[in-house]
There are 2 protein chains.
Amino acid sequence: MPGSIQSLERAAAVLRLLAGGERRLGLSDVASSLGLAKGTTHGILRTLQQEGFVEQEPVSGKYQLGAELLRLGNSYLDVHELRARALVWTDDLARSSGEAAYLGVLHQHGVLIVHHVFRPDDGRQVLEVGAMQPLHSTALGKVLSAFDPVARNEVAEGELAALTSRTVTGADDFESVLDLTRARGWGSDLEETWDGVASVAAPVYDRRRMPVGAVGLTGAVERVCDADGIQARLVAAVRDCARAVSRDLGAGRF
Amino acid sequence: MPGSIQSLERAAAVLRLLAGGERRLGLSDVASSLGLAKGTTHGILRTLQQEGFVEQEPVSGKYQLGAELLRLGNSYLDVHELRARALVWTDDLARSSGEAAYLGVLHQHGVLIVHHVFRPDDGRQVLEVGAMQPLHSTALGKVLSAFDPVARNEVAEGELAALTSRTVTGADDFESVLDLTRARGWGSDLEETWDGVASVAAPVYDRRRMPVGAVGLTGAVERVCDADGIQARLVAAVRDCARAVSRDLGAGRF
DNA sequence: GGCGGTTGGTCGGCATTGTCGACCCTCATC
DNA sequence: GATGAGGGTCGACAATGCCGACCAACCGCC
C-alpha cells in the first residue's frame, strides 16, 4: 500500500484524540499528545475548525469536536444499507420481546451500534447509536467474533478485560464460548458486561452469505432469563429477526 | 487568516460530497466532481478509508462514508454541554406536552438537531439527531435567526425556498416575522416546512447571555394548534423549558 | 507591579510531501 | 478479442505543509 497522506493521518489523530479525551483540549495539549510542533498542530486545527470538524471555545481557546461530524455521522446512517433493511424488523423485535433491540457492526476493535430501538415501556432511555461495545463480553460482540474472521482477529489481538465478575477473560475459555456460539448459531451475555444485564444476539448475512452484522436485544436479567438462561422465546425472536434481515439483504432462504 | 491545509480541505470536500450524493460514488465521479486528478483523489480516499472515515464496497469499488464518522459524531454529542444540560428538561417538555421535543443549534446555513425526544405515544418515529432543518421556515430556525446575529446573516445570504404553500419567501415579510419573534420571545411554524405540521420554539442562552441554541416541539397541526394558532399552554411549556436550560447553563434568572 | 511561566497564535525558510498525468490492469460489453 | 471505462499505481517535479523561533496576551506569584 503506497504512502498515505500525512496531514490527513494527523488530522484524524487529532479528531480521535478530541473524541477520546472527554473534555476540551488546548492547542499545547494536542501538540504534545501527538508529538507535533505547535505550528503544525495549529494549522491542522485551524483547517478542521474552518471545515466544521472542530469547534473552539471563544473564551478559553480550547478545542472540541465540531457539529459537522454529527451531520456526517447521520449521513452515514442514511446510506447504510444494512441499517435501512433492519429498521422495520428490529422494531418488530423490540415490540414482540418487550426489550431494547440493537443492530451492531464490527468497527475497529469493537461493536459499533448503528441502530437502537427503545424498550417499549417508556422509561427514560438514552440512545446508543454511535456508541461502541466490547467484542468479548457482549452478545453482539461474541456473535461477530464467532462468525466474522476479521472480528475474530481483532478480539484475539486485544485483551479480554474483566468488566464484571462474570466476564470470560481466559483465551481458551473464550475460544469455547465462540465454539458454542457457532454451534448453536446465537450468542449470549449473562452479566458479563454490565451487572444485572443480559443480552442475546444472532448474525446477519449479506447476499454473499458473509456475516455483516448482528442483531440482538438487551435487558434486565430478571426479565430476559429463566432458570435455564436466556428465555427460549427471546432466542427464537432474535434469530427470526436476524434471518428476516438477512433475507432482506438478499441472503436467500436458510 | 493564514493558509489552510489544502489536502485537508479537499478531504473535507470529499466527505461532504459523499454525504450529499445519496448513493455510493466511484473514484472517477469524485475526482471529476471536485476537479482533481484521479491520483490525487485516490490518495485522499485511500487515507480516509484507512482512518475509517470512508468505506469501499469490495465488489464495485465504490466509496461511501465510514463508520468512524458515526462514532465521532456520537462523541461530539457526549461533549456537547448544551445538550447535556437540556436532556432532562426536554424530556419533561415532551412528557408534559405530549409532542416530540427538539434541541437545535446553528450549523452552517441551517439548524442542526442535537437532541430529539420522541412523542410519548409509541408510534414508529425516526430519530432526527444529526439532521438539518432550514432556518427560514422552522420554529427553531426562526428563533435562531431572530436572536443570533450569525444565523441572521446566514439566512439573509441564502434564499427563502418555498417548502409549502405557506412558507414565507419574501425578504421583507421574513424580516417582519423575525421582528415578531423577537418581540414575543418565541417563534412558530404553521405548516411552513411540512404540510400538516406546526412547531414552536424559544431561545436558549449561555452564561454570557448569548443565544446558543433553541428548544421547541413539533407536532400535527390538529393537536398543536387551536383557533388562535399555537396553543398557549404549549408556548408556555416551551418557554419554560428554554428558561430552565438557560438557567442550567448559568444564564441566571430572567 | 514587575516577572517568570503559561497559553494561543504567527512567520519565513527549507525540504518533505502531496500533486499531477501518463500508464497499467481488470472487467464488462459488443 | 477488441474496446472502453473504471479503479489503481508510479515517478518526477515543485508546491506544499512542516518546523522551530518568535509574538502577544494572560495568570499567579513573589
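Below, read A as the first sequence line, B as the second, and so on, with proteins coming before strands; counting in each chain starts at 1. For clarity, every value in this text was computed on a predicted model and none was experimentally measured. Only this structure's heavy atoms are used, side chains among them; waters, hydrogens and symmetry mates stay out.
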Would you state whether a donor and an acceptor, one from the side chain of B:Lys38 and one from the base of C:dG21, lie under 3.5 Å apart? no

Taking for each residue the nucleotide of DNA chain C bearing the nearest heavy atom, is the 5' side occupied by A:Arg10 or by A:Leu25? A:Leu25

Could you verify whether a donor N or O on one side chain and an acceptor N or O on the other, from B:Gln108 and A:Glu68, lie under 3.5 Å apart? yes

Under 4.0 Å between a side-chain N/O of A:Gln56 and OP1 or OP2 of C:dG9, yes or no? yes

Considering only heavy side-chain atoms of A:Ser28, the closest of C:dT7, C:dC20, C:dT19 is C:dT7

Difference in axis direction between the ends of the helix from C:dT17-D:dA14 to C:dC30-D:dG1, five pairs, 10°: 0°

Is B:Thr40 touching bases, backbone alone, or none of the nucleic acid, heavy atoms closer than 4.0 Å? base

Give the C-alpha distance, both sets of side-chain angles, the deciding distance and a yes or no for side-chain contact (heavy atoms from CB on, under 4.5 Å) between A:Leu34 and A:Thr41. CA-CA 9 Å; A:Leu34 299 178; A:Thr41 309; 5.8 Å; no

Looking at C:dT10, I'd like to know if its phosphate oxygens (OP1 or OP2) sit under 4.0 Å from a side-chain N or O belonging to A:His42. yes

Between D:dC19 (C1') and A:Leu36 (CG): distance, integer Å: 10 Å

Evaluate side-chain hydrogen bond (donor to acceptor under 3.5 Å, both in side chains) for B:Glu128 paired with B:Tyr102, printing each intermediate quantity in order. CA-CA 9 Å; B:Glu128 290 174 54; B:Tyr102 293 87; 3.0 Å; yes

Please determine if a side-chain N or O atom of B:Tyr63 lies less than 4.0 Å away from the OP1 or OP2 oxygen of D:dG8. yes

Between CD of B:Gln6 and P of D:dC18 the distance, given in whole Å, is 12 Å

Please give, in whole Å, the distance from D:dA5 C1' to B:Leu27 CG? 12 Å

Quick one: label A:Gly39 by what it contacts on the DNA or RNA (base, sugar-phosphate, nothing), any heavy atom closer than 4.0 Å. base

Atom-pair distance (CD on A:Glu9; C1' on C:dT17), nearest Å: 12 Å

In terms of side-chain geometry, is the basic nitrogen of A:Arg182 or A:Glu175 positioned less than 4.0 Å from the acidic oxygen of its partner? yes

With respect to the phosphate group of C:dT17, does any side-chain polar atom (N or O) of A:Ser7 fall under 4.0 Å of OP1 or OP2? no

note: B:Gln50, atom CD; D:dG8, atom C1'; distance rounded to Å ~ 15 Å

Within this structure, what is the CG-to-C1' distance between B:Leu8 and C:dT19, rounded to whole angstrom? 15 Å

Please report, rounded to the nearest Å, how far the P atom of D:dG7 is from the CD atom of B:Gln49. 13 Å

Under-4.0 Å salt bridge between A:Arg207 and A:Glu81: yes

Rounded to whole angstroms, how far apart are CG on A:Leu34 and P on D:dG17? 19 Å

Enclosure of B:Trp186 CH2 (heavy-atom neighbours >12, cutoff 6.0 Å): yes

Just so I know, are the side chains of A:His115 and A:Val215 near enough to count as touching, which here means a heavy-atom distance under 4.5 Å? no

